[in-house]
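Please read the structure below before turning to the comments.
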Number of protein chains: 2
Amino acid sequence: MMEHDAEAGWLRPLIADRLTPFLEIDAARLLNNLQQMQQKADAAGVALRPHIKTHKSVWIARQQRALGARGITVSKPSEGVAFILGGERDLLLAYPIVYADTLTALLQVAAEHQARITCIADSLNGVAAIAAAHQQQPSADLAIAIKVDVGLHRVGVDPHSDAALTLAAAITAAHLPFAGLVSHAGHAYGAGHPAAIGEVALEEIALMRDVQQRLIATGFAPCPVSVGSTPTALAAPVAPGTDEIRPGNYALLDLTAWRLGLCSPDALALSVVTRVVAVNPHYAIIDAGSKMLSSDKGPHGTNASGFGIAVDEHGNQFEVVKLSEEHGFLQFGQQAPSPGTLLRIFPNHSCAVVAQSDHFVLRHADGLAEVLNIEGRGKFI
Amino acid sequence: MMEHDAEAGWLRPLIADRLTPFLEIDAARLLNNLQQMQQKADAAGVALRPHIKTHKSVWIARQQRALGARGITVSKPSEGVAFILGGERDLLLAYPIVYADTLTALLQVAAEHQARITCIADSLNGVAAIAAAHQQQPSADLAIAIKVDVGLHRVGVDPHSDAALTLAAAITAAHLPFAGLVSHAGHAYGAGHPAAIGEVALEEIALMRDVQQRLIATGFAPCPVSVGSTPTALAAPVAPGTDEIRPGNYALLDLTAWRLGLCSPDALALSVVTRVVAVNPHYAIIDAGSKMLSSDKGPHGTNASGFGIAVDEHGNQFEVVKLSEEHGFLQFGQQAPSPGTLLRIFPNHSCAVVAQSDHFVLRHADGLAEVLNIEGRGKFI
C-alpha cells in the first residue's frame, strides 16, 4: 500500500445511490485510458485493435471505434456474435478453433452482417477445422492468421520451427486469405517492472519479424504483424515492424497494472462498491466476495498478496485478505471500519471481475450514473 | 492424484453432443448425494435446510424438498426472490442485513407469495435494519435468528460474550419472532481430515448449546439451534441438541470434499466438459479457463495445488496447473492429449464454478441430457 498523499487517485466520490455490491466504471478515467492508447497507436502509425475481453461491453467498444480503433479482438465465437450484433464489423477471433462446429453460429451472423472474421491457427487441425466451417458458410468473409508462441507457452507455433511455413502453405491450399502473424506476450505480466517488460516486447517483435522474413524467403508476400498485451503496449514504445497492437486491459486497468508500474491510481477506471456488513476482532467483513471480485490474483500467475485494496471516502485503506463467495475479509489496523460503511475496492484483475456481472454502473464526472449491460458476459463457446 | 483402478468413479461417459466447454451435473450422483444427506437428517430427527448457494438451481431445490428438506438457505435477498418465484416458501437468509433497503424486494415478494423469511443478525444495527424493512412491509412473515461465530471469524456474535442476550432482547423489543441460533463452521474446511472435522462439529454444538442455555437462564424460551457446513455434516454424527442442519456443497461435492476424505470420486456430481485446443512442449491447453472454472482453490483458504483434475475417457489424468480467462494449462507426463480430445474436469469448489454459468447440462444415466437454468446466478444484492 502507498502513502495516500502521493496517491490521491485512490479517492473518488463514493455515492450511495444504489444497493451494494456493484461494479462501477469511472467514465472520465475510462475515456482518458482509451484516448492515450489510441494516440500512441496513431503516433506510431499502427492499427489499434483492442481486445474487448476486458470490458465485454458493446458501449465501450463503440467508444474505442469512435476514437479510431480499427476492428476489435474477441476471445470466443459467441463473444464475436454479441459484438457483431452490437455493431462491430471487423473481428479478430484470438482463440484457436480446432472443432469446426464451434464457428458455425459466428460465421452465419458474420455473413448476415457483412462482418469480416480473422481466425487464428497454430496447427494443421486448426486450419482444417476453420476451412471446414467456411465450407458450410462460404459467403462469410473469413481469413486465417498464424498464432506464434513468443514465450507464454499457451497457444502458437514455435517461432524457431518451420511450423509457420507449413501452416501458411495449408492456408493458401485451403483457398483462405492468409492474414498474417499474431502474438500475445502474456508472460510480460511476470516480468515485474517496465524495463523488463520492454525487453519482452523487443524479443516478441524480433521473433515475429524472423518468422515474417522466413515466410518471405519461402515465397510468401510480406504479411502483417499483430502483437498485443497491455504491459508491452504501456511500458514499451511500439516497435518498428509492428502493424497492429491488441491490448485489452488498458481500458480499465487494475492493481496488477499499478503494481507493475504501468499506471497511477488515477487511471484505475474499474472498482467494486461494497458495504461493511460485520466487524469482529479479526476482520471487517464486506458484502463482496469471490462471486463479485473473482478469486483471481492477477493475469498469468502474477499472484498478488490479496484480492484487492478497499478504500473509504477518507482514503483509509484495507487489504482484502480472504474471500468466500459472498463475503470479503478485510484486514484493519488500529481502527476498523464500522458496519454500514461504503468502500471502493480496486481489484487485482479487471477482466476477471467484469466476467462476473451482467451489468456495470458508468459513473460520470458530475456524479450521475447509468447502468449498462455487459453483453459479452457468460459467452463460453 | 490416485490410482484409477481404485478410483473408477473418475470415469463417466464423455458424450460429445454439444459444444465445449459446458457444466455437467450427473443426475444419478446428484440424487444419491441428496438422498444420503436426507436420510442422515431423518435418522437424527433434525430438519435439513439445504443451502442452495452451491447449485443455485430451482430444479435441484425442488428435488431436495421432494426428498424431505424443510425449507432452504439462501445467501442474498435477490437469490431468495429467485427461489420464492421458483416455488420455495420457507427461506433462511444466512447473510447479515445492515441496510434496510436491501430487504425491500425480498419482503415484497415474500408477502405476495406467503413465504416465510428468517433473517440473521449479529449486531444491533442489523436488528434495527431488519425491523425497519419490516415496517415497510408488515404483512411479510419475518423472523430473526442470531448468528453465532463458532470459529470462522466471518459473521456472528462472540459466543463467550453477552451479545446474544442483548440481541435476543432487541429482537423481542422490535416485536419480531426470535427464530433461534444459527452457525456455520466453515473453518472445518481447514481441519484437514474427518477426525479433526468431527472435533470442530463437537466444539460448534458445545458453543451453541452454551449460548442457548444462557438465553434460557435469562428468561428466554428454549430456542432452536441450526448448524451447517458440508464437512461437519458428512464427517460427524449429528450432535445431540441440533435442531436443523444446513449443508450446501453435499449436493454436488468437489475435489475439496474428496481431498478431505468426505467422499469418493463416485460422488462428484459436477464437472466441466472441455476440449484440448492446443499442445506445446510445456502444456496441453484446454478451452475452459478461469471464466468457466473460477480461480477458486477451495473454500475458506483450503488452497489446493491446482485448479482441478482433468480425466479423459480412458482414465488418464492431468492436473490443471494454470488458468487464464479462456485457457486452462494442463501438465502432462509422457503422453500429451491430442488437440480435439474431450476431457472432464472435476473442480476444486463446486459453488464457485456454478456461479459462472447461466445453465448446466443435467446428464441422466441413459446418456440423455437436458439443459437447466441456474436461476440464482448473478444475484449480488
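Protein chains get the first letters and strands the later ones, always in sequence-line order, with residue 1 at the start of each. Since we're looking at a predicted model, the values are computed, not measured.
In this structure, chain B has heavy atoms under 4.5 Å from both the backbone and the side chain of A:Ser357. Using a 4.5 Å cut-off between heavy atoms, A:Leu330 does not touch chain B at all. The contact between A:Ile381 and chain B is made by backbone and side chain atoms together, counting heavy-atom distances below 4.5 Å. With a 4.5 Å cut-off on non-hydrogen atoms, A:Phe380 touches chain B through its backbone and its side chain both. At a 4.5 Å heavy-atom cutoff, the contact between A:Val276 and chain B is made by backbone atoms alone. Heavy-atom distances place both the backbone and the side chain of A:Asp101 under 4.5 Å from chain B. For B:Phe22, no part lies under 4.5 angstrom from a heavy atom of chain A. Both the backbone and the side chain of B:Leu19 have a heavy atom closer than 4.5 Å to some heavy atom of chain A.
The pair B:Asp287-B:Arg275 does not meet the salt-bridge criterion, since no charged nitrogen lies less than 4.0 angstrom from a carboxylate oxygen. Classification of A:Lys379 and B:Asp358 as a salt-bridged pair fails, no side-chain N sitting under 4.0 Å from a carboxylate O.
Heavy-atom pairs under 4.5 Å with chain B were tallied for A:Cys351, A:Gly340, A:Gly156; the largest tally goes to A:Cys351. Counting heavy-atom pairs closer than 4.5 Å to chain B, the top-ranked of the candidates A:Lys76, A:Lys53, A:Lys291, A:Arg154 is A:Arg154. Per-residue counts of heavy-atom pairs under 4.5 Å with chain B were compared for A:His282, A:His153, A:Glu325, A:Met292; the largest is that of A:His153. Between chain B and the options A:Gly126, A:Ser290, A:Ser324, A:Ala352, the largest number of non-hydrogen pairs under 4.5 Å is found for A:Ser324.
Around atom NE2 of B:His359, no more than 12 heavy atoms belonging to other residues, nucleotides or ligands sit under 6.0 Å away.
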